[in-house]
Amino acid sequence: MTKQDKIQDRSNFKSPLGVEGFSELPGPIGIFDSGYGGLTILDKIRTQLPAYDYLYLGDNARTPYGTRSFDVVYKYTLECVIRMFGMGCQLVVLACNTASAKALRTIQQRDLPGLDPNRRVLGVIRPTVEAIGALTHSNHVGLLATTGTVQSDSYPLEIHKINNDVIVTSEACPMWVPLIENNEHLSSGADYFVWKNVKNLMDTDPLIDTIMLGCTHFPMLADKIKSYLPEGIAIVSQGDIVANSLVDYLNRHPEMDALCTKMGTTRYFTTESVAKFSASASIFLNEDIQAEHIDLG
Ligand code: DGL
């Protein structure tokens, strides 16, 4: 099949969700999360790659994903990815561990070849586990994440592919995402839930010397988490790790880099209230953000 035939093929493409063919033109890098958490990743990526254009999509109307089944997280994530492709993204980063754990592989292996084999969807778990081995000295690592990510076992499985000696103890923190989505994460009410989960984790394995925040929302609770930990325990947030990994990816894939526009803009989309997203994201990123609404129904 010639390139022209392939272009023709894609332009006739109808996905199971009824979205017609995608533009071949370069576009913004898509950053996806169930809500606000991906902003912690976007922030670090933009610091390292300020020239690029970004399209952020928060599925706030359906957050949290962390307590939902595999099938539902996959369906929601695929809908969002397809919509981002439709808005011109050639490359989408799932800045959400739950979506990375439950949907990434199926989207990469089953959906992308039919949707558009030239587009790419990347996740956040693999780059995180690649970084973690170098950080722990005791080889005892703690994972704080959503229930979905913990139940998927993605972190221990991926870590053990690299280093079988690392002992991973996981603690699901189902209350943390709702606290952040409702902008209650700095309130005194949040302390109880942070204290409880951090204590559970450290009681289960007191030898832990490194804690992964395996949810992109959780860096917003980093100060509280730290205040309940003994001295000397490293807290690893994913922002810089994912940003480094994306820089490396674009260096290794100049054909994808050429498909990313570079005018230094960011557009924010939410499936929920524009006013609420704009207000909360402006606080989280410490800049004035005007979000736009998107309907996935
Ligand atoms: N930021 C998402 C993650 O990294 C939160 C998932 C949720 O909506 O529960 O897992």
Side-chain angles (χ1 to χ4, degrees), residues 30-45 56-81 92-105 107 121-129 131-132 142-156 158 170-185 190 193-194 197 211-222 225 235-243 245-246 268-272 276-277 280-281 284-285 296:
I31 310 283
F32 166 72
D33 183 46
S34 61
Y36 298 114
L39 296 173
T40 64
I41 304 287
L42 171 72
D43 191 30
K44 301 293 185 186
I45 289 177
Y56 185 91
L57 172 56
D59 191 7
N60 301 77
R62 303 188 292 194
T63 198
Y65 279 18
T67 44
R68 297 185 190 277
S69 69
F70 264 85
D71 287 350
V72 169
V73 172
Y74 162 66
K75 177 177 177 289
Y76 287 179
T77 306
L78 180 61
E79 280 174 9
C80 291
V81 166
V92 172
V93 178
L94 301 185
C96 174
N97 289 267
T98 312
S100 298
K102 294 188 167 192
L104 177 65
R105 186 156 303 179
I107 290 175
V121 181
L122 307 176
V124 291
I125 293 179
R126 186 73 199 186
T128 308
V129 304
I132 214 75
L143 171 71
L144 296 168
T146 65
T147 306
T149 298
V150 169
Q151 284 176 348
S152 76
D153 264 343
S154 296
Y155 271 95
E158 289 295 328
S170 305
E171 171 75 8
C173 311
M175 294 303 291
W176 292 14
V177 170
L179 285 167
I180 294 160
E181 286 292 313
N182 290 290
N183 208 5
E184 286 290 338
H185 55 293
F193 294 101
V194 175
N197 290 125
I211 293 184
M212 287 177 286
L213 303 187
C215 172
T216 55
H217 283 69
F218 293 179
M220 298 184 204
L221 285 164
I225 297 168
I235 300 179
V236 181
S237 300
Q238 296 175 295
D240 285 323
I241 293 171
V242 174
S245 163
L246 183 60
Y268 299 87
F269 292 88
T270 175
T271 54
E272 241 288 338
K276 182 168 185 268
F277 187 96
S280 295
F284 296 148
L285 289 179
L296 290 170

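As the structure lists them, so they are numbered: ligands from 1, and atoms in each ligand from 1. From a predicted model like this one, the values you see are computed outputs, not experimental measurements.
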- Query: Mind checking whether I107 and Y74 have side chains closer than 4.5 Å, heavy atoms only?
  - Reply: yes

- Query: Could you give the distance from NZ (K102) to OH (Y65), rounded to the nearest 0.5 Å?
  - Reply: 12.0 Å

- Is any NZ, NE, NH1 or NH2 atom of the basic residue among K276 and E181 found under 4.0 Å from an Asp or Glu carboxylate oxygen of the other? no

- List for me each residue that meets ring pair (Phe, Tyr, Trp, His ring centres under 6.0 Å) alongside Y268, sequence neighbours excluded, and say none if there are none. none

- Query: Do the two ring centres, one from H185 and one from F284, sit under 6.0 Å apart?
  - Reply: yes

- Message: So E171 and L143, do their side chains get closer than 4.5 Å, heavy atoms only?
- Response: no

What short N/O contacts, under 3.5 Å, does ligand 1 make with the protein, listed by atom pair and distance?
| residue | atom | partner | partner atom | Å |
| --- | --- | --- | --- | --- |
| ligand 1 | 1 (N) | D33 | OD1 | 2.9 |
| ligand 1 | 1 (N) | T216 | OG1 | 2.7 |
| ligand 1 | 1 (N) | H217 | ND1 | 2.7 |
| ligand 1 | 4 (O) | N97 | N | 2.8 |
| ligand 1 | 4 (O) | N97 | ND2 | 3.1 |
| ligand 1 | 4 (O) | T216 | N | 2.9 |
| ligand 1 | 4 (O) | T216 | OG1 | 3.3 |
| ligand 1 | 8 (O) | S34 | OG | 2.5 |
| ligand 1 | 8 (O) | T63 | OG1 | 3.4 |
| ligand 1 | 8 (O) | Y65 | N | 2.7 |
| ligand 1 | 9 (O) | Y65 | N | 3.3 |
| ligand 1 | 9 (O) | G66 | N | 2.7 |
| ligand 1 | 10 (O) | N97 | N | 3.4 |
| ligand 1 | 10 (O) | T98 | N | 3.1 |
| ligand 1 | 10 (O) | T98 | OG1 | 2.7 |

